[in-house]
Structures are given as C-alpha cells and as structure tokens.
Amino acid sequence: MIKVQDYRPQPFTDFTQPENIQAYEQALKKVRAELVGKHSPLVINGERVDTAERLTSLNPCDTAEVVGTTAKATIEDAQRALQGAWQAWESWKRWDMDARARILLRAAAILKRRRLEACALMTLEVGKNYAEADVEVAEAIDFLEYYARSAMKYAGFGAAETTWFEGEENGLLYQPIGVGVSISPWNFPCAIFIGMAAAPIVAGNCVVAKPAEDAGLIAGFMVDIMLEAGLPAGVLQFLPGVGKEVGEFLTTHPKTRFITFTGSRAVGLHINEVAAKTVPGQKWIKKVILELGGKDAMIVDETADLDVAVTAALQGAFGFNGQKCSAMSRLIVVDEVYDRVVNAFVERAKALRVGTAEENAPVTAVVNQMSFDKISGYLELAPQEGRVLLGGQPLGEANGKKGYYIQPTVVGDVDPKARLAQEEIFGPVVSVLRARDWNHALDIANSTEYGLTGGVCSTKRERLEQARHEFEAGNLYFNRKITGAIVGVQPFGGYFMSGTDSKAGGPDYLANFLQLKSVTERW
C-alpha cells in the first residue's frame, strides 16, 4: 500500500567531492553525444507528431551552440490535443487512485536513475550550474513521490469527513474535474514542469502541457519518462509552441476546465482575465492556479549574526543568477549595521566568478536575449536610483564564450519607492535599502504589490514572532536564505500579485484539481 508518511525528500549531491564532479562531467559528455542536436516532436494521443516549423533551443552560455529543437505546435495541433485529452479522460478518471500513483512512483524511480542526464541537459539548455541543476532534479523527484502519496487521502467514498446522521449513509467523494492546460516556465523547466503536470494527473485529470519556448528539450525528456512509466496515451499531451498562439487558444477554449500557470505577472493576469470570461460551449467556471513573480526582501537587523546574514543574502540573491521568483532582490538593513553588512555583502559578491554552466561557474548567463535586454535596461537606471557598489554592466561574453552574461550587481541606498525596489528584474541585481530601525524595515518589506518570499536575520525573538504574523509573504524564512523550498517541507506559493497561494508541494495542492460530491442514501 502506498503510504503518505513514507515520503522523504531527496538528498542533494555534494559537489565538494571530486567523484561527484567527475560523474557530472561524464554526464555532460553523454548528453552531448546522445541528446544535443536532437529534435523533440509533439506528443499528441501518445503519437510523436512533427511540425513544419520548429523552436530552437540555444545554450545561453554559448549562443553559437544549438542544443536542440522542438516542434512548434499550431492551433490545429492544440485543438487535437485538447480533444484527445478529453477522450483519454473517460477511462483515466476511472483508474484507482493508487494505480495512478504508481505511475508517478515509477517515473520517480526512472528519474533517479537518469538524474545526472537531466541535470546535464539543463546545464546546456538553460545555463544551470551543477548544484542548481541537481537540486532541481531532486525537486522533480520529490514532486512525483509526494503527490503520489498525497493522493491516497483523496481516494474512495468517505475520504472527507462528514457528521453521523441516524438512518442514512452520508459521504463525500472526491472526483477529478477534467482536462486542463499547464503552462510552465524556463527557470525550473524540469521540476515545475513535471510538478504542474503530475498533480492534476494523479488526481485523475488529463493535461495539455505547454513548456516555455526556451526549455522544450528538458520538458520533452520528462514527458518521455512519464510515458516509459506507463502513462496511458492522451493523459499528458506535450505541446511546445508560442504562448501568444497556442497558449492563448488553450486558455480561452470552452473545453479547458483548469489552467495552471507559472511565469510573469503580466501574462498571469492576462490568463486570469481571459479565463474569467465564459464563452459559448463552456459549462463550468474555469479554475486558475497562478504562481507569478516576486520582489522578495530579506531584513537584517542590528542583532543578527552578520556572517549568517551575508551568506544567506548572497545565496538568495545570486543562485541561478537571480532568475528565481523567490530570489532576494531587496536587502533591507537597519541603519546601525548598514555599512558593515553592505560592505561584507559586496566583498563576498565580488568573489563570484562569472562563466559557463558547463564550467560550474557560480554565476552563469541569463536565459535569453529578452532577459538580457530587460536586465540591461535596469542597469542603465541603477545610477539614477542609487549608488552602484558592484557590477552595473552587462557583459555579453565570459571566458571567451559569447552569451547572455550580466555582472552580479549591487545598488546601495535605493529608495523604497524606486523602480529598482518595486519592479521584478529577474536577474543578478540587488537593491540595498537603509531602514531607520526594525519597524521601518518591516514597513519597507511590505511596501510592494508582491507577497512571495521573505526573510529576517535577527536574534531577537519578539521581532521574529512579529514578522511571523506581519511580514507579508507566502514563504517566510528566518536566519537562512529565502530560496530553496523543499517539497512537503516548505509548501511554496505567494499571495497578492505573486499568485493564488496554492502552495505547490503542500498537503492541499491536489484539492485544486478535484471536486467534492456529497452522496446520501436513506436506509
């Protein structure tokens, strides 16, 4: 029997050990030989479908290299995928919950065996260094394991509690809701892609998955694993394509029952808007689950262990080049220790090497030209809104490789209302803000429209307790970095303009894809 309590998060690989570095390097060679340059077609109703046009995936750390291509879905492909998913749902919804869960567990086992291949592919496709890729694949395994086990509490009649009533049997039945669309991001192209698909699937739904255009190869890799694990044809339709075309078509379609989206605030709000409009042929209110951006802050007060605080700030700011919705982009320091913290933070950041992901550099290239241009625009703004203490320049080249490189940048004395302190940059750029005291620091932290992650470095218990209730963030961390939520340990999701706070990897996440039916029989 599959048991919820058997779930344990995957351990991370220790890359201080030479043998682990060597194993990763061998995986890079294997992936270059077997996967680089390959083409990934659509998967519709279990069949591989190619298209006239293709999407090209470049190595962001060396833009001269084409990592591979994926098919580019058309509206007609999207229509066929949606129709096929509804056909598959008629049988999939009747599978026992534990039978569906076993497919996720088998997929997790396959991914464990191919963990280094998945890591290496992300290193080449999106520029993740060894540790960043490794923790992401661990998270993908965790999603499969956790959701498989979480599904058990929703199985069977009477899974939800009702009150006894004389002469009747009463119970609640959880039922899958149908076919939905999953639109996943490029920054976690393995873990978020599979998590957003696996959760509704194990609950008995079918999914049309559209990955980010920059990360179709690793998404295709994960689809292959799900099919190898025994997922029936049509339950997971793989539809790489352009968001403004197939994404728009699917989110507005009357036969789309639910939409899961992780990405930018602008796109998420648009999806929410169009999904709210009922169209002819639609018989339900569409359910929308959104994970959007953040303008995440960490507060350092005068009682903090400053070494711990600076280390946490460095990890939270520059892990995967700040390309995480949870990344620390605002460092708020009380005046009494401002200079000490900022000087130490800048010195530590200076030591970060910029280079290719294949070389396992701490800071690699950002994902594409659009991101490079956007971040470069904020770098031009930086001298007007603060003091540039480190970086401030786009590089475009590192170690002789042409890519989308941006220097780690620290801008001091930024006004809390400045654009640098309010707008999501999604790159290795940190705004440092000076607070008069603890309460002012907390006010600054809560001064944006976002509410995703936050942190406090302090040894004063009353301040931590105050922050526990008043710091407006879906995920709040004390005396550690503010990134790196672990499935089942720190359920992830924010509120306000950061999303619907659905808490991916949490105990109630599967309920987003189920509906309750109350059934009464009089004896």
Side-chain angles (χ1 to χ4, degrees), residues 264-266 292-302 304 306 309-310 312-314 316-318 322 324-350 373-394 406-458 463 466-467 470-473 476 482 494 496-498:
S264 74
R265 166 182 162 175
L292 308 181
K295 193 62 183 174
D296 311 302
M298 189 175 78
I299 297 172
V300 181
D301 77 1
E302 74 280 6
L306 299 190
V310 170
L314 198 77
F318 299 117
K324 302 178 183 180
C325 53
S326 58
M328 189 210 75
S329 60
R330 293 183 297 153
L331 178 59
I332 304 169
V333 187
V334 299
D335 184 70
E336 186 176 330
V337 290
Y338 182 91
D339 291 335
R340 290 165 59 196
V341 170
V342 173
N343 290 339
F345 180 62
V346 169
E347 285 303 309
R348 291 280 299 275
K350 277 182 184 176
D373 292 343
K374 176 187 175 184
I375 299 165
S376 297
Y378 282 104
L379 296 183
E380 292 177 6
L381 180 65
Q384 304 167 40
E385 294 198 338
R387 293 187 300 119
V388 178
L389 305 174
L390 179 67
Q393 297 294 324
I406 301 282
Q407 286 180 300
T409 296
V410 181
V411 186
D413 294 323
V414 176
D415 188 283
K417 296 180 181 179
R419 287 180 59 196
L420 287 177
Q422 292 290 321
E423 298 176 8
E424 186 178 41
I425 299 173
F426 223 65
V429 181
V430 175
S431 298
V432 187
L433 299 89
R434 188 188 299 263
R436 294 186 302 273
D437 52 28
W438 158 253
N439 285 314
H440 185 218
L442 190 56
D443 288 342
I444 293 172
N446 290 336
S447 67
T448 75
E449 295 180 343
Y450 294 100
L452 187 52
T453 68
V456 177
C457 288
S458 174
R463 291 180 181 176
Q466 181 184 359
E470 296 180 17
F471 197 131
E472 294 168 344
L476 183 61
I482 68 172
F496 301 154
M497 286 296 176
S498 289

For Lys324, give me all partners under salt bridge (Lys or Arg N to Asp or Glu O under 4.0 Å), at least two apart in sequence or on another chain. Glu132
Residue set satisfying side chain to side chain donor-acceptor pair (under 3.5 Å) with Thr453, at least two apart, ordered chain then number -> Asp296
Measure the spacing between CD1 of Ile375 and CZ of Phe426 and express it to the nearest 0.5 Å. 9.0 Å
Has the side chain of Ser431 got a donor or acceptor atom that lies under 3.5 Å from a matching backbone atom of Arg330? no
Is the number of heavy atoms from other residues, nucleotides or ligands within 6.0 Å of CZ (Arg340) greater than 12? no
Thr448 meets the side chain to side chain donor-acceptor pair (under 3.5 Å) criterion, sequence neighbours left out, with none
Determine whether Phe345 and Val410 make a side-chain contact, defined as any pair of heavy atoms from C-beta on separated by less than 4.5 Å. yes
Just so I know, are the side chains of Met298 and Val456 near enough to count as touching, which here means a heavy-atom distance under 4.5 Å? no
Tell me every residue that passes side-chain contact (heavy atoms from CB on, under 4.5 Å) with Asp413, counting only those two or more places apart in sequence or in another chain. Tyr338, Arg387, Arg434
Grab the two heavy atoms, one from Gln393 and one from Thr409, that are nearest each other, plus how far apart they are. N-OG1, 4.5 Å
All side-chain contact (heavy atoms from CB on, under 4.5 Å) counterparts of Ala418, not counting sequence neighbours: Glu385, Val414, Asp415
Output every pair passing salt bridge (Lys or Arg N to Asp or Glu O under 4.0 Å) with a member in residues 437-455, not counting sequence neighbours, ordered by first then second residue. Arg265-Glu449
Does Glu302 have any side-chain contact (heavy atoms from CB on, under 4.5 Å) partners at least two apart in sequence or in another chain, and if so, which? Val334, Glu336, Val337, Arg463
When rounded to the nearest 0.5 angstrom, what is the spacing between CD1 in Ile406 and CG in Leu379? 5.5 Å
My understanding is that only residues two or more places apart in sequence, or in another chain, count here; which of them pass side-chain contact (heavy atoms from CB on, under 4.5 Å) with Asn343? Asp339
Examine distances only and state if a side-chain atom of Asp335 and a backbone atom of Arg436 form a donor-acceptor pair shorter than 3.5 Å. no
Heavy atoms of Ile444 and Ala435 approach each other most closely as CD1-CB, 4.1 Å
Does anything in residues 424-433 pair up under salt bridge (Lys or Arg N to Asp or Glu O under 4.0 Å), and if so which pairs, sequence neighbours excluded? none
Provide the closest heavy-atom pair for Ile299 versus Ala445 in the form atom of the first, atom of the second, distance. CD1-CB, 4.0 Å
Could you pull out all residues at least two apart from Tyr450 that satisfy ring-ring contact (aromatic ring centres under 6.0 Å, His included)? none
Atom of Phe318, atom of Pro408 and distance for their closest heavy-atom approach: CE2-CB, 3.8 Å
In the structure I gave you, are the side-chain heavy atoms of Leu433 and Val333 within less than 4.5 Å of one another anywhere? no
Not counting sequence neighbours, list each pair that qualifies as a side chain to side chain donor-acceptor pair (under 3.5 Å) and has a residue in residues 375-384. Tyr378-Glu423
Beyond-backbone contact of Leu331 with Val300, side-chain heavy atoms, under 4.5 angstrom: yes
Indicate the atoms forming the closest heavy-atom contact of Pro416 with Ala421, along with that distance. O-CB, 3.5 Å
Which heavy-atom pair separates Lys295 from Ser329 by the least distance, and what is that distance? CD-OG, 3.4 Å
Which distance, rounded to the nearest 0.5 Å, do you find between the CD of Glu472 and the CZ of Phe496? 4.0 Å
With sequence neighbours left out, what residues match Lys350 under salt bridge (Lys or Arg N to Asp or Glu O under 4.0 Å)? Glu347
Between Ser498 (side chain only) and Gly293 (backbone N and O only), is there a donor and an acceptor less than 3.5 Å apart? yes
Could you walk me through whether Leu420 and Val411 pass the side chain to side chain contact (heavy atoms under 4.5 Å, CB included) check? CA-CA 9 Å; Leu420 287 177; Val411 186; 4.1 Å; yes
